[in-house]
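Beneath this line is the structure, given in structure tokens, with notes to follow.
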Amino acid sequence: MPELPEVETVRRTLVDKITGCQIKNVDIKLPRLIKWPSAHEFKALITGRTIITLARHGKYLLLYLDNEMIVVIHLRMTGRLYYVSTADLTDQFSRIVFELSNGDHLLYADTRTLGTLYAMRPDELWRISGLASLGPEPLSPEFTKEYLAGILHKSKGKIKALLLNQKVVAGLGNIYVDEALAIAGLHPERTANSLNRAEAERLYSAINQVIADGIAHGGTTFRDYRDGAGKSGSHQNHLRVYGRKDLHCYQCGAQIVKKEVAGRGTHFCPHCQR
DNA sequence: ACAGGAACCTGATAGC
DNA sequence: TGCTATCAGGTTCCTG
């Protein structure tokens, strides 16, 4: 479900509400979601601690506590993290409930239960391989045209697969990759090293643009995604190709194609993207 | 290096 | 109406 713009929106809509709150208790309804340490230790480590801040790296959320511990959360496909004010705990997919000392709750809900949670000190974060190996973030100083061009040049795989790789760029997922390729006018099955300089620069700009737009619109809600206040995003109203199979391309009128590429449902305009 | 498939899960929806 | 197949915003692991 959530890609960088969705996870960042969750962070922004949550950080001010929970900073300074003490975690009075943790109700772990589904212990197997806790990947490190044991669910029992997880609960002991964070109960009674105060939340310092909420950060994000790629698609990971990092909840900093006042005892040097960091609760790391990955929402995977259907995870949702949101603030519930009046003990309104009616979510049927509620999996982990953080009870706050002010009487409110920070709720982790997850339909497919693929999400993962950890509690670690900063020097233990290397254990989360996906977090430790993240590439640069779009819109960051580390993500430069030269960096992307260099990666493209030495990669022989399909451009779609490359962009889904979190080691290459942190935070892109299936929706935003399709959208970035649409904006750049590039076919998802192009080999990465076949892009010329101008195409690489178009792709670079498209990635930054689509991520910035996604954040500005509060993320894309197709089904499950909600922000930290339980609200939907609106970027689904701005998508060019994703979810538009057989509909007409806004630019040329051709029918949008959906095809499996790199193991994922992939949408593109066969006329505009080459 | 890379491709493809399976695995981890549950539920909505499309099709018959 | 009801049953079945397919698909889903992600990541990791295994095989070829």
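Numbers restart at 1 for each chain; the letters A, B, ... are given by sequence-line order, proteins then strands. None of these values were measured; they are calculated from a predicted model.
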Protein-nucleotide distance (A:Arg264, atom CZ; C:dT6, atom P), rounded to Å
19 Å
Below 4.0 angstrom from OP1 or OP2 of C:dG10, is there any side-chain N or O of A:Gln166?
no
Using a heavy-atom cut-off of under 4.0 Å over every strand shown, decide if A:Lys258 touches base, sugar-phosphate, or nothing.
sugar-phosphate
Give the ring-plane orientation class for A:His238 versus A:His235, where under 30° counts as parallel, over 60° as perpendicular and anything between as tilted.
parallel
Between A:Asp178 and A:Tyr176, do the side chains contain a donor N or O and an acceptor N or O under 3.5 Å apart?
no
Any N or O donor-acceptor pair under 3.5 Å from the base of C:dA8 to the side chain of A:Arg112?
yes
With no hydrogens and no angle check, do the side chains of A:Asp110 and A:Thr78 hold a donor and an acceptor under 3.5 Å apart?
yes
Please give, in whole Å, the distance from C:dT11 P to A:Leu172 CG?
10 Å
Tell me what A:Gly263 touches on the nucleic acid: a base, only sugar-phosphate, or nothing, going by heavy atoms under 4.0 Å.
nothing
Among the candidates B:dA12, B:dC2, C:dG10, find the nucleotide nearest to the side-chain atoms of A:Lys59.
C:dG10
Atom-pair distance (CG on A:Leu164; P on B:dG4), nearest Å:
13 Å
If I pick the P atom on B:dG5 and the same atom on C:dT6, what distance separates them, to the nearest angstrom?
15 Å
Going by atom types only, do A:Tyr83 and A:Asp104 share a side-chain donor-acceptor pair under 3.5 Å?
yes
Would you say A:Ser129 reaches C:dT12's phosphate, i.e. side-chain N/O to OP1/OP2 under 4.0 Å?
yes
Could you state the atom-to-atom distance from CD of A:Glu189 to C1' of B:dC2 in whole Å?
15 Å
B:dC2 phosphate, OP1 or OP2: any side-chain N/O from A:Lys158 under 4.0 angstrom?
no
Looking at A:Ser234, is its backbone amide N or carbonyl O close enough to the side chain of A:His217 to form a donor-acceptor pair, meaning the two atoms are under 3.5 Å apart?
no
If you pin A:Lys154 and A:Gln92 to their nearest nucleotides in DNA chain B, which one's is more 5'?
A:Lys154
Looking at B:dC9, which nucleotide sits across from it as a Watson-Crick or G-U wobble partner, both distances under 3.5 angstrom, or is there none?
none
Side-chain contact check for A:Thr113: nearest option of B:dA12, B:dC9, C:dG10 is B:dC9
Rounded to whole Å, CD1 of A:Ile159 lies from C1' of B:dC2 at a distance of 14 Å
Just checking A:Phe93: base, sugar-phosphate only, or nothing, at a heavy-atom cut-off of under 4.0 Å?
sugar-phosphate
note: A:Met77, atom CE; B:dA7, atom P; distance rounded to Å ~ 16 Å
Distance in angstrom units between A:Arg76 CZ and B:dG11 C1', rounded:
19 Å
Looking at A:Phe268, is A:Arg274 sitting on its ring face, NZ or CZ under 6.0 Å from the six-membered ring centre and within 45 degrees of the normal?
no
Ignoring backbone atoms, establish whether A:His74 has a side-chain N or O less than 4.0 Å from OP1 or OP2 of C:dT11.
yes
To the nearest angstrom, the CZ-P distance between A:Arg80 and B:dC9 comes to 19 Å
